[in-house]
Amino acid sequence: MTVHNADIAALFNRMADLLEIEAANPFRIRAYRRAASTIEDLPENVAQMMAEGRSLSDLPGIGEDLAGKIAEFVETGHLKSLEEVEARTPSALAALTAIPGLGPKRVHVLHQSLGITTLEQLAKAAREHRVRELPRFSAAIETKILDEIAKHRTAEKRFKISTAEDFARGLVDYLRSALGITQTLVAGSFRRRKETVGDLDVLATCADGPAAIEHFVAYDEVETVLSKGPTRSTVLLKAGIQVDLRVVAEESYGAALHYFTGSKAHNIAVRKRIQDKGWKLNEYGIFDGEKRIGGRTEEEVFRAADLPYIEPELREDRGEIEAALAGKLPRLVWLQDIKGDLHTHTRASDGKSELAEMAAAAQALGYEYLAVSDHSRHATVAHGLDPKRLAAQLDEIDKLNDGYDGFRLLKSCEVDILADGKLDLPDSILKRLDFTVCAVHYQFNLGIEEQTQRILRAMDNRYFNILAHPTGRLLGERPGYAVDMDRIISAARERGCFLEVNAHPTRLDLDDVHCRQAKQIGVKLAISTDAHSTMGLRAMRYGVDQARRGWIEADDVLNTRSWGELKKLLSRRGL
DNA sequence: GCCGTTTTCGGCCCGACTGTTTTCAGTCG
């Protein structure tokens, strides 16, 4: 059995959930969570590392004990200590803490006093008014629990970054319209540019906190005010997204921005360093005793921790602190580094704009080139091109290119990878292309071995260049197909192929962890929009954000290069 | 449970808001 990092992370997180309900040592709980996060974000497979005889206890937050537990699970498929905890505290209890207002302490009481382990039992007990009798509960909490169960755990909902931007724009404009609010910024996972966000963490500076809060809760998109104090308030918008506003004074802006941007693990690590110097960091600033010694800017926060500025996308406690100390922070790729788009569609297949329109839009973005990569024939619903139609498109591109100065349309095609691993078009037409973008578009339900083999076989074709949207996932809609990405990435390096970071906000595929893995192994990435219209070209920034989260630098990206340099990289050996 | 050119033991980030707790625990971020 193959043990994936996600399995081990889930195991440790479950342990942490249950230990929390048992009121175990909070630092022991944190240790499990930190280890889970380390494993989950690790750009290598842990079971593989073990097989190679490498020491897991070198990983941050993993000591002798947890390394042993990982080994036990990899070897036996079981974790004895977790089973012991589960015998006392059923795993189902962890799900109850997802209900807002129910934390580990209350869930513990519910289990001990009423024997409740499931949502159904909880609802029944609440309806029978048995919950309000318990210590630290009340009729109000009982009603709230029933409400939350009825709405069935909307708390879990996450929003695509592009959707969140939509909500954020209106809100930020509204906040800025208030007198006295000088700065407004959306921090949190939004600022770290995670592919999805659970809520919006908004920071505002204002001398009069309560006035800013009043203005905030009066926003006409507010559905419910969940909490409201003089400096902080939480609301639910009609769109279903939760928003936290935090108001601080101007001199605390940097400290508050750092605090509110997170991630939590990163903040803990930075605070620890400042604390080690005998100072204190909170959202109001850096303090030496009672005396404020900084915090107006984020740079001051990092400086106090003896660190250079760390970009928000890196702040996940995935080694950025260590890299910063060693002077090895990546110089992350910027949108301005991008010189062209390597995956786009036109009306010839399922796009909405004409070839010339796409070219004009690309030039307006300042691009040096745009690859046209319409679907191949197997994608019939997308009016995929057969060799004849593709040949006609290539002729048309030649004609258009004659008229451009300092810009070039590149000849490409999004070639289907057939179920047997063959490419959907014959070499006779593929050889006329500048490069191919190859993708899986059907038979998503193959087993992991079959699916991996299918892609590896396709990569064996010397006309295979870039693997498009490598996992096929659609955020919030469907998971990716089962595929062994470790092997795909290694195979790409051996064969001189590349992987795409699909910039469409519903895809963002590769994810950040695999971007970093590709970089470490030496596989370059294409950041491409998969645009189906001229508007679609503007999604590039989401792909760049995703790549930045994966520590990607301009040199790691194919399309930061001029066409001349790019062409050399795309020519596979033996061709 | 992890971790250490201060430590192998004793630390481990910090604060706002809520509610029923009359002095603070629980929850959340």
Side-chain angles (χ1 to χ4, degrees), chain A residues 12 15-16 19-21 23-38 56-70 81 85 96-110 132 134-145 148 155 187-190 192 197-203 209-210 213 217 225-235 242-248 252 255-256 258-287 295 301 305 317:
Chain A
F12 285 171
M15 184 70 135
L19 288 176
E20 206 164 24
I21 292 169
N25 178 345
F27 301 105
R28 185 175 166 221
I29 296 164
R30 184 194 292 172
Y32 274 105
R33 291 211 195 283
R34 175 158 154 79
S37 146
T38 295
L56 298 184
S57 48
D58 289 344
L59 297 171
I62 297 187
E64 207 175 323
D65 181 89
L66 289 182
K69 286 190 165 73
I70 294 170
S81 52
V85 173
L96 299 184
T97 61
I99 298 169
L102 280 192
K105 297 280 165 24
R106 287 191 175 126
V107 167
H108 182 67
V109 170
L110 288 168
R132 65 177 63 179
L134 299 172
R136 301 210 159 271
F137 281 82
S138 65
I141 292 175
E142 195 177 69
T143 310
K144 184 169 149 71
I145 288 171
E148 296 291 348
S189 52
F190 183 91
R192 302 199 311 278
V197 301
D199 62 2
L200 294 176
D201 299 305
V202 185
L203 177 67
I213 294 291
V217 298
V225 178
L226 298 173
S227 77
K228 191 176 120 191
T231 66
R232 176 174 202 150
S233 170
T234 302
V235 303
Q242 188 172 306
V243 183
D244 294 335
L245 176 70
R246 188 66 193 268
V247 185
V248 297
S252 297
H258 181 262
Y259 157 76
F260 229 25
T261 296
S263 67
K264 197 172 166 179
H266 169 92
N267 286 354
I268 288 172
V270 172
R271 277 197 175 136
K272 178 78 170 62
R273 292 184 56 81
I274 289 176
Q275 186 187 258
D276 286 348
K277 295 170 77 172
W279 300 335
K280 185 174 77 166
L281 172 67
N282 58 27
E283 56 265 55
Y284 300 111
I286 305 144
F287 297 88
V301 173
D317 195 25

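The figures that follow rest on heavy atoms only: side chains count, while hydrogens, waters and symmetry mates do not. Order of the sequence lines sets the chain letters (A, B, ...), proteins ahead of strands, with each chain counted from 1.
Between A:E20 atom CD and B:dG1 atom P the separation is 15 Å, expressed in whole Å. Distance, A:L134 CG to B:dA25 P: 19 Å, rounded to whole Å. The separation between A:I141 atom CD1 and B:dA25 atom P is 16 Å, rounded to whole Å. Between A:I286 atom CD1 and B:dC13 atom P there is a gap of 17 Å when expressed in whole angstrom units. Between the CZ atom of A:R132 and the C1' atom of B:dT20 there is a distance of 15 Å, given to the nearest Å. Distance A:L102 CG to B:dC28 C1': 13 Å, rounded to the nearest Å. Between the C1' atom of B:dG29 and the CG atom of A:L281 lies a distance of 15 Å, rounded to the nearest Å. Spacing between atom NE2 of A:H266 and atom C1' of B:dC14 amounts to 15 Å, rounded to whole angstrom units.
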| request: Apply side-chain contact (heavy atoms from CB on, under 4.5 Å) to the pair A:L281 and A:Y259, showing each step before the final yes or no. | output: CA-CA 9 Å; A:L281 172 67; A:Y259 157 76; over 6 Å; no
Could you list the donor-acceptor pairs under 3.5 angstrom formed by side chains in residues 100-109 of chain A, with sequence neighbours left out?
from   : atom 1 : to     : atom 2 : distance (Å)
A:R106 : NE     : A:R136 : O      : 3.4
A:R106 : NH1    : A:G101 : O      : 2.9
A:H108 : ND1    : A:I21  : O      : 3.0

Under 3.5 Å, which donor-acceptor pairs do the side chains of residues 56-65 of chain A form with other protein atoms, sequence neighbours left out?
from  : atom 1 : to    : atom 2 : distance (Å)
A:S57 : OG     : A:S55 : OG     : 3.1
A:D65 : OD1    : A:K69 : NZ     : 3.3
A:D65 : OD2    : A:K69 : NZ     : 2.7

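For A:D65, the listed nucleotide lying nearest its side chain is B:dG1; candidates were B:dT27, B:dC13, B:dG1. When each of B:dT20, B:dC13, B:dT27 is scored by its nearest atom to the side-chain atoms of A:I268, the top-ranked nucleotide is B:dC13. Closest approach to the A:P104 side chain among B:dT27, B:dG15, B:dG29 is made by B:dT27 (side chain taken as heavy atoms from C-beta onward). The A:K280 side chain lies nearest to B:dG15 when the options are B:dC17, B:dG1, B:dG15. The A:D244 side chain lies nearest to B:dG29 when the options are B:dG15, B:dG29, B:dG1. Side chain of A:S138, nearest nucleotide from B:dT20, B:dC17, B:dT27: B:dT20.
Residue-level contact check: A:K264 touches the bases, meaning some heavy atom is under 4.0 Å from a base atom. Looking at heavy-atom distances under 4.0 Å, A:I29 makes no contact with the nucleic acid at all. Here A:K144 lies out of heavy-atom contact (under 4.0 Å) with every strand. When heavy atoms are screened at a 4.0 angstrom cut-off, A:D201 is found touching the sugar-phosphate backbone but no base atom. When heavy atoms are screened at a 4.0 angstrom cut-off, A:P230 is found touching the sugar-phosphate backbone but no base atom.
Between the base of B:dG15 and the side chain of A:Y284 there is no donor-acceptor pair shorter than 3.5 Å. Side chain A:D199 to base B:dG29: no donor-acceptor pair is found below 3.5 Å.
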Identify all pairs in which a protein N or O lies below 3.5 Å from an N or O of nucleotides 3-8 of chain B, and state each distance.
from  : atom 1 : to    : atom 2 : distance (Å)
B:dC3 : OP1    : A:G61 : N      : 2.9

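Applying the 4.0 Å criterion to OP1 and OP2 of B:dA16, one finds that A:K228 has every side-chain N and O outside that range. Here A:R232 does not reach the OP1 or OP2 of B:dA16: none of its side-chain N or O atoms lies under 4.0 Å away. The phosphate of B:dC17 has OP1 or OP2 within less than 4.0 Å of a side-chain N or O from A:T231. At B:dC13, one or more side-chain N or O atoms of A:R30 fall inside 4.0 Å of OP1 or OP2 (strictly under the cut-off). Contact annotation: A:N282 side-chain N/O to B:dG15 OP1/OP2 distance is under 4.0 Å. OP1 or OP2 of B:dG11 has not a single side-chain nitrogen or oxygen of A:Q275 nearer than 4.0 Å. For B:dC28, neither phosphate oxygen OP1 nor OP2 lies less than 4.0 angstrom from any side-chain nitrogen or oxygen of A:Q242.
Remark: A:P230 pairs with A:P210 by the side chain to side chain contact (heavy atoms under 4.5 Å, CB included) rule, at least two apart or across chains. For A:N25, the side chain to side chain contact (heavy atoms under 4.5 Å, CB included) criterion is met by A:F27, A:R28, not counting sequence neighbours.
Mapping A:R28 and A:G229 onto DNA chain B by nearest heavy atom places A:R28 closer to the 5' end of the strand. When each of A:A67 and A:F137 is assigned the nucleotide of DNA chain B bearing its nearest heavy atom, the one mapping closer to the 5' terminus is A:A67.
Screening residues 260-272 of chain A for salt bridge (charged side-chain N to carboxylate O under 4.0 Å, His left out) gives A:K272-A:D276 as the qualifying pairs, with residues at least two apart or on separate chains.
Between the side chain of A:R246 and the backbone N or O of A:D201, no donor-acceptor pair lies under 3.5 Å.
Comparing the P positions of B:dG11 and B:dA16 gives a spacing of 25 Å, expressed to the nearest Å. Taking atom P in both B:dT20 and B:dC14, the straight-line distance is 30 Å, to the nearest Å. Spacing between B:dC3 and B:dC13 at atom P, rounded to whole Å, works out to 14 Å. On the C1' atoms, B:dT6 is 22 Å away from B:dG1, given to the nearest whole Å. A distance of about 13 Å separates the C1' atoms of B:dT7 and B:dC12, rounded to the whole Å. For the P atom pair drawn from B:dG26 and B:dT22, the interatomic distance equals 14 Å after rounding to whole Å.
Considering only heavy atoms from C-beta on, A:F260 comes within 4.5 Å of A:D244 through its side chain. Residues A:V217 and A:S233 are in side-chain contact: their nearest non-hydrogen atoms beyond the backbone lie under 4.5 Å apart.
Electrostatic pairing of A:E20 and A:R33 counts as a salt bridge here, judged by a charged N lying under 4.0 Å from a carboxylate O.
Pair check for B:dC3 finds B:dG10; Watson-Crick or G-U wobble, both atom distances under 3.5 Å.
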